[in-house]
Asker: 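Quick one: structure below, then a few questions.
Start at 1 and go down the list; that is how both ligands and their atoms are numbered.
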Amino acid sequence: MKQAPDRRRFLKVATCALGGGIGATVAAPAVSYLLHPVGRRTVTASSEPIDAIAADAIGAEPVRVPLRARMLRDAWSATSDVPLGAAWLRRDERGVHALSAVCPHLGCAVGFDRRAGEFRCPCHDSAFAVSGERRSGPSERGLDPLPLTIEDGRIMITWIRFRSGGSSREPA
Ligand code: FES
């Protein structure tokens, strides 16, 4: 028995539509999975200020304070209480100052030499004044300052990792 042309056309269109719908339903999650995390921010650095220490604990002599992020996220995971680095804090007549403890030369941890009254890097012997200014050694710039605020008697520091090397200061 011969089918009417209209009925044949309808069945053809309905079959294509049904097949396309099923294909799209299966393909959408697969494509989304394969493209994840294209177009998303893959690493969320700790841009929120970190509660570092009580402001009245800081005097004229630099104090090293470790900085930890409460939460770090990337495209696949979230990790809590992540060590980021450290800051050297000190107070002078203008207020409290924070310097990154990361050497601007190649990234070693800078220590404070109390006898010499200056910061020193053990890796290649760069030296920095207590203000962070470069004194000697291969580092081309002084220690990197970190933004801070004081809220309810607590020092809140925003951690920034700067690029190693060079005389200009750029976030990494
Ligand atoms: S890493 Fe500090 S002087 Fe080289």
Side-chain angles (χ1 to χ4, degrees), residues 33-172:
Y33 173 79
L34 290 174
L35 291 182
H36 182 78
V38 172
R40 292 191 194 184
R41 209 167 156 202
T42 53
V43 175
T44 307
S46 173
S47 55
E48 65 184 52
I50 297 163
D51 185 340
I53 193 169
D56 58 14
I58 302 302
E61 184 152 306
V63 173
R64 186 179 184 279
V65 179
L67 300 175
R68 305 177 76 88
R70 269 190 305 164
M71 180 72 72
L72 272 192
R73 291 178 196 283
D74 64 20
W76 296 272
S77 62
T79 315
S80 58
D81 196 27
V82 182
L84 297 173
W88 282 100
L89 300 178
R90 72 180 178 92
R91 185 188 294 275
D92 66 11
E93 61 289 347
R94 290 180 296 124
V96 178
H97 307 273
L99 295 168
S100 171
V102 176
C103 180
H105 179 225
L106 292 177
C108 289
V110 169
F112 186 66
D113 181 338
R114 293 183 200 289
R115 276 198 311 186
E118 64 181 14
F119 293 103
R120 297 196 72 89
C121 178
C123 292
H124 311 102
D125 234 13
S126 283
F128 308 89
V130 76
S131 63
E133 209 172 291
R134 181 192 169 277
R135 274 193 174 158
S136 62
S139 179
E140 294 179 55
R141 64 177 193 263
L143 294 177
D144 299 311
L146 297 173
L148 71 79
T149 55
I150 298 178
E151 292 168 26
D152 299 327
R154 305 288 303 175
I155 298 178
M156 311 294 292
I157 298 178
T158 302
W159 172 248
I160 303 171
R161 179 86 193 196
F162 292 92
R163 275 189 212 285
S164 295
S167 55
S168 67
R169 194 165 280 137
E170 291 166 36

Asker: Within the 4.0 Å heavy-atom shell around Cys108, which atoms of ligand 1 are there?
Answerer: 1 (S)
Asker: Could you list which atoms of ligand 1 come closer than 4.0 Å to a heavy atom of Cys103?
Answerer: 1 (S), 2 (Fe), 3 (S)
Asker: Considering the heavy atoms of Cys121, write down every atom of ligand 1 situated less than 4.0 Å from one of them.
Answerer: 1 (S), 2 (Fe), 3 (S)
Asker: Taking only heavy atoms of Ser126 into account, list the atoms of ligand 1 that are under 4.0 Å away from them.
Answerer: 3 (S)
Asker: For the Cys pair Cys103 and Cys121, is the SG-SG distance shorter than 2.5 Å?
Answerer: no
Asker: Roughly how far apart are Phe128 CZ and Arg134 CZ, rounded to 0.5 Å?
Answerer: 8.0 Å
Asker: On the 0 to 90° scale, with breaks at 30° and 60°, tag the Phe112-Trp88 ring pair as parallel, tilted or perpendicular.
Answerer: tilted
Asker: For the backbone of Ser126 and the side chain of Ser139, can you confirm whether one donor and one acceptor N or O come within less than 3.5 Å of each other?
Answerer: no
Asker: Please work out the angle at atom 4 (Fe) of ligand 1 defined by atom ND1 of His124 on one side and atom ND1 of His105 on the other, rounded to 10°.
Answerer: 100°
Asker: For Glu61, is the CD atom crowded, meaning more than 12 foreign heavy atoms sit under 6.0 Å from it?
Answerer: yes
